[in-house]
Every structure is written in structure tokens, then in C-alpha cells.
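Not measured: the values here are computed from a predicted model. Naming: A, B, ... by sequence-line order, numbering from 1 per chain. FYI, side chains are in, hydrogens and waters are out, and symmetry mates aren't considered; it's all heavy atoms of this structure.
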2 protein chains.
Amino acid sequence: MTQDDATPPRRTRRGSGAVTLHDVAKLAGVAPITASRALNTPAQVSADVRQKVADAVARTGYVPNLLAGGLASRRSRLVAAVVPTISGPVFLETVQSLTEALAHRGYQLMLGQAGYGGTREDALLEAIIGRRPDGIVLTGILHSAEGRRRLLGSGIPVVETWDLTPTPIDMLVGFSHVEVGRAVAAFLQSKGRHRFGVVAGDDERAKRRVDAFVAATRALGLPEVAVVLVPAPTTLKSGRQALARLMARPGGRDAVGGDVAAPVAATRTRRSAARRGDPAPGEPALPRDIDAVFCSSDLLALGVLTEARVMGLRVPQDLAVVGFGDLEFAADLAPALTTVHIKGAEIGRQAAQFIVDRAEGRAVDPRVIDIGFSIVEREST
Amino acid sequence: MTQDDATPPRRTRRGSGAVTLHDVAKLAGVAPITASRALNTPAQVSADVRQKVADAVARTGYVPNLLAGGLASRRSRLVAAVVPTISGPVFLETVQSLTEALAHRGYQLMLGQAGYGGTREDALLEAIIGRRPDGIVLTGILHSAEGRRRLLGSGIPVVETWDLTPTPIDMLVGFSHVEVGRAVAAFLQSKGRHRFGVVAGDDERAKRRVDAFVAATRALGLPEVAVVLVPAPTTLKSGRQALARLMARPGGRDAVGGDVAAPVAATRTRRSAARRGDPAPGEPALPRDIDAVFCSSDLLALGVLTEARVMGLRVPQDLAVVGFGDLEFAADLAPALTTVHIKGAEIGRQAAQFIVDRAEGRAVDPRVIDIGFSIVEREST
DNA sequence: GTGAAAGCGCTAACAC
DNA sequence: GTGTTAGCGCTTTCAC
């Protein structure tokens, strides 16, 4: 690939052997800068030149070196996206639409996984900043303060997504997790339910929804909520285990910790000895009191639906189930899942818009967009 | 962000204002090249210099410009991955492990979505090649011959994955879809089933599995297979609809086309008028003869399981179901799904290894790795 | 072990 | 409209 061709090696460095703008320009009989303009700002160039350059490109198979272009123009046309993990399907839609919206405008997406822990975050940020992207899209919170500082210092446009923080780093498109928690509590109450359980991942945003949900039930004068946290990213399996746990718990107000899938913590409420009811499948474990479960993801909800069926619980008669995310499968489950719909694709598009506007020198007017959410009512409630 | 600092603007171009290697070198009292070596090849530099440079970096918050480094060294430390769509969860695991394995070695992943159609492919390839990545990872087939030519011509290392083509472009890590089809047919027969249905996405690789499956059943002397194709990417919904279709079909040997979710084509077998049985939920539609369904994805299989339950069919008693992919949820469904397991993460790791080896000048010994697959037997068969 | 010079391939800034 | 010049920030090459 880095073969020198016939010319004897000199003191000077040889290129990669690839066709450069120089070659194209020579073939077209113009100066390199003119060839550059013919390709990048065709309006500035005569039709004749445009044609000659186009021909030369076609003949040589020239592909512009965007690394060089980016270095010279200080515009890399690269955008970085940071997600906790790509396997949490919630962000997938956003990443997908982001990739598409960017590609459409000639930008490319660089993907980084920060993990839910926040340990790799700094190294990741350094790698990203080093590429001088035209923008960075963050999904979820940035854990380290050092990271925030670096980002700010780099001067790179940043879009935070999937959240509504009071102090955005730069631009933001998201929604309020607190509102989601409240809205779901109110919704379930309106359906005549009042003894709630929660199954949630232990990530920042899910916990915020849960806290708001719990606070709202208290404000409504409803019984204490039983909460089971499972490690993020959430899975069908942890959903099943969590429901089993919820149903097997001794009293009515205790969240029971245990070895659900790993670190499952009991939150808010006194802790009680983990006692496992282990109802055999088919032998219905009658719910002592919980008549509705709010899950922090649709996958978790699918697990809860599955376990409920195995336990002989009828959904929605015995138990109402609400998910979060409105993943593609939610509408087609049996029973169809009631869930919180987030316009993930819209978030991606809007983030792309923000960054491209900035990169191209346009002012970004409202720097914060609350994209909202909606509860999609289906059979499971 | 591009603020000039105190110095008055001259005729010459001003930098971005960011800290450069020059600044670090000056602060450390060495030549730029020495600072460069202290960072990149510390062994070539005295401990004293190493320390001084490290201090200067810490004091200034220097982040190397990898665009400039890449241009000069002809190594971008960028790797491009091309997937049909990121939302097909099958490749997710591969992309995830690829990202991680690369990040671990100081490489960054660029993501491109080619779509299942192959229309955006050429533009995507051009954008990718323009970045001069150190490698390109392809999942699934490259449709356009022009694309192949460009790739070959670019001299960039290429790893094809998730398939075993007879004529790889460069390197490859995958498995045989033909073998999968055969193995599943043999497996189902060994379970005492013999009237098979297939529900599959209409993408290249799925079709190859289906063809092999059908051929194998013929070779085994079994009845003709009823095939329903659904558009890729596959969904739970299309799985449900496809099973309904399969069960409602008039004879026993006909694949029935129709408006399942869009272009659902009837393959191999005579076509019959699409007649919709639409059995009301709860009112079991007795399977006339199909006793096993092979699905081209686990999501499809989940749809089939769901629809079977709604129809009152017992799995596995009335109907055996086999999926493909062994997604995380497969093991925890009720009934747990028998499926074809692919080591997706291993594919990603191996691809990263290939590319990094190449980029760092090491020879890649076997350029083709057949990573195999396995049938994971669970409750659904 | 360290440095000076010369680019990597492209575009911004001025000319004309 | 087109060309000249001087870099973007780094690393290679060669010399000491």
C-alpha cells in the first residue's frame, strides 16, 4: 500500500502513492486551488473548469483526503457520539438517525462507548477531542467534572441528549425524566391502581424517573412503592427476576434486595431479610398487593410480562405493566405494552441540526429543546 | 471557540488557538520533535525529557491533534465499520466489541450504515475512504461491484464479517450460512419433526440459510417447506404476521404471499391466492401440518412464539421454534428459545485484531477465520 | 539521545 | 474567475 513507484528514493518524503488534488489539477490544466474550488465551491468556478476537473477526477479515481482538508480548514466534518453502551437499545434509534442525518450533510459519525461506570470516560474524551470533531453528542450524563472541563475547554460544540439538565454544557435536546416519573404515577392512578411496584435499572436517569415516581405517589397519598433496582443495562432476565422478587417479598412495603443478577439494591424503605418465595411456575403467586409495575425499560417490562405469565398472573387484570422507550416490539407483544414513548429519532435529527448549524457558522437559536414524551396506552394497563 | 488571542491579526494564517506540540516543546525546553517522541515513543527519550514533557502537557492541557498526526504519519488510527443498519440487533454485539477492542488499542471507530438496499453504499464508501482509515470492517455483503473495486484500489485493509465468501476482498471472519441452514434442518429432524415452515428476512444471508435449509429437507426426503419472507430488518411484528400467514395457508405446501408488512414474497412452491384465515385470538387455529418453524432472527422467533400463544398453539408440543442469533433475551423467554448461537463479540474482537496487526505492520497469517456456530437447544424444541 | 529541515495534502488569505 | 503563497500541526528523514 505504501509502495514507492519507479522514482528512486530521495532525501525528501514520498507520498502515499495515492492520487492527490495536485494530480487532478495537473490533468485538468489548472492550479490546485482551482481544482479544490471546483469540487468544494463549484459556484466560484467556470463551467468549463468544473467540467475539466470532473473529468480528471473520474479518470484518476481521486478521493479527497479529508484528513488533510480538515487540518487545513479546521473543519473535520466528523461528529462524535458518546453512548453508555450501544447495546442498550434505547439509544439505538437516536444513533441511527444521527448517523443518517449527518451522512446526508457530508458528516461522519464516530462512536464511543463510555460504559455505565464512567471510568473510561476521560480516555474516551481525550481520544475524541484529539480528532477535533465538529461536534460531540452526549447521551446521558457526563460523570466526571474533569470531563466537563475538558469539553468546555476544547471549544467543540456539544449537544447533550436524552435529558434536561439545569446547567447544560452547551446545547441540549431531551426531556424531563422527573416529568416522566410523575406522569406515569398519575396515569396509573387514573387507571384505578394504587399499590405500585417499580423495576428499574440503576443508571442515573432511570433513578431520577423512579424518584419522581415515588415522590408523586406519596403526594397522591398512595401506599409506599416497592422498588427493585437491577444493574444497567437492563435485560429481560433481570425483569423476570425482579418481578419474582417483588411478588415474593414478605410485607407489602419492602423492596427486597438480593442476588437478582448482581448488585440489586433495596432503596428507600427499611431493608428486610431477603426471603425468596420462589413460587413454582404454574402455581400462581397471588400478588399480595401490588397491582401495577413501572419498568425503566421495555426490555425489563417484557421480562415482567413473561414472568407474570409464568406465575399465572393476568395482565392487566391482576397486574398492570408500564414500560419505557416504546421500542419497536412494544406494540406487538401480547398483551401489547403500555409504555412511555420518546422520539429517539427526532432527538438524533435535532442534534445533527444543532451541530451542523454551528459548524457552518449559523447561530443556534434556542440552545435547549424539550422534546417531551407521551404515554402510549395499550393492553397491559 | 476560534478566538484569536492578544496578537494582532497578520497576513499569515492564525492557528485555532489550541495548545500545540510546539507550545509544549517550548515549555519543556526541547525541540518539537523531541516532545513528539516523548509522547509517542518514550523509550527513545531520556527520563529527564520525558518528565519535563509530561509536566508541560499537564500544565497546558495539551491534546494531540490526531488529524495532523494522521496526515503526517499516514496512520489515522481510525477504523470504519459498515453495517446494513445499526438497529438490527444482530450486529450490535459485534460493533460493541469492535469498538471496545479498538479503543483499547488507541483506535477509534467510525460507523456507517449502508442500508439493506445498497443505494447509499457508494457514497458511504467514498466518505469512508476519504478519511484514510487504517481498516474497514464490513458486516454483510458489499452489493456493488464498483464498491469492491474502490475498496481494493484504496489499499485499505478490509475485514468482511458474518459470512464466509469464496472470494474475500482481503481478510474475513465469519461462518457458513449454508451450514447453518443444513444443521438446523438436521436438528429439527432429529427432534422428530418433519413438516417445516420458515419465516425469514429477505436479506442476502438469511436467504442463503433458507435455501440451504430447504435443500437439506429435500435431501432428507421431507415434505416441501413453507417459506414466508418478510422485509429486513426483521421485527416481532412481522414474525407474528408471518406465523398467522403460515398457519392460515390453504394446502400444506404453499408459501403464501401477501401484505404481511410490505413486500412479502412467496418463494419456491406454487403460489396460491392469499387467503387470510385470521383466527380470532383464543380460538386456536390448529396447524394442519407444520410442526416446526425456523426463523431467521430471534426477534422473528419471539413474534412467532407470541403469535403461537395467542393462537393457542403450544410450544414445543404443537410447534417447535428455532431462532437465529441467540440474542440476550432468547434464553429467558418462556418457553426459552432454541436458537443458533453466533459469537458476535468474538467476531468483533478478531476483526479488530486483524486490522491492528495490519496497521502495525505485522503479517496476518490466516486471512480467513471460520468462527463457526452452534445450535443452543432450549425449551422451544 | 536530540535536532533541523522538509514535507503529509489540503485550503485560507490575498492578489490580479 | 483564477493563481500565488503560506501555512494547518504533526512526523519522517537524515544528521549530529
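- The CD1 atom of B:Ile136 sits 4.5 Å away from the CD1 atom of B:Ile156 when rounded to the nearest 0.5 Å.
- Atom CZ in B:Arg131 sits roughly 17 Å away from atom P in C:dG9 (whole-Å rounding).
- Put simply, CG on B:Leu21 is 14 Å from P on C:dA4, counting in whole angstrom units.
- Under the 4.0 Å criterion applied to side-chain N and carboxylate O atoms, A:Asp55 and A:Arg59 are not assigned as salt-bridge partners.
- Listed nucleotides: D:dT11, C:dA12, C:dG9. Nearest to the side chain of A:Ile33: C:dA12.
- At whole-Å resolution of the value, CZ in A:Arg37 and P in C:dC14 are 14 Å apart.
- Here D:dT11 presents its P atom at 13 Å from CG of A:Leu67, a figure rounded to the nearest Å.
- The phosphate of C:dG9 has neither OP1 nor OP2 within less than 4.0 Å of any side-chain N or O from A:Thr20.
- Distances shorter than 4.0 Å separate none of the side-chain N or O atoms of A:Ser36 from OP1 or OP2 on C:dC10.
- The CD atom of A:Gln44 sits 12 Å away from the C1' atom of C:dA12 (whole-angstrom rounding).
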#### Entry: Check against side-chain hydrogen bond (donor to acceptor under 3.5 Å, both in side chains), A:Thr60 and A:Asp23
CA-CA 8 Å; A:Thr60 54; A:Asp23 304 327; over 6 Å; no
### Task
Begin with the C-alpha distance, continue with both residues' side-chain angles, and end with the deciding distance and a verdict on side-chain hydrogen bond (donor to acceptor under 3.5 Å, both in side chains) for A:Arg362 and A:Gln353.
CA-CA 11 Å; A:Arg362 288 186 291 275; A:Gln353 186 70 51; over 6 Å; no
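- Within the structure, a side-chain polar atom (N or O) of B:Arg74 is placed less than 4.0 Å from OP1 or OP2 of C:dG9.
- To the nearest angstrom, C1' of C:dC8 lies 13 Å from CG of B:Asn65.
- Atoms NE2 (A:His22) and P (C:dC10) sit 9 Å apart, rounded to a whole Å.
- Look at CG on B:Asn40: it is 9 Å from C1' on D:dT11, rounded to the nearest Å.
- A:Asn65 and A:Thr20 form no side-chain donor-acceptor contact under 3.5 Å, judged by distance and modelled atom types alone.
- Checking C:dT11, D:dT11, D:dG3 against every side-chain atom of A:Ser73, the shortest atom distance belongs to C:dT11.
- Phosphate proximity of D:dG1 to A:Ser46: absent, as no side-chain N or O sits under 4.0 Å from OP1 or OP2.
- A:Pro64 comes within 4.0 angstrom of sugar-phosphate atoms only, judged by non-hydrogen atoms across all strands, and of no base.
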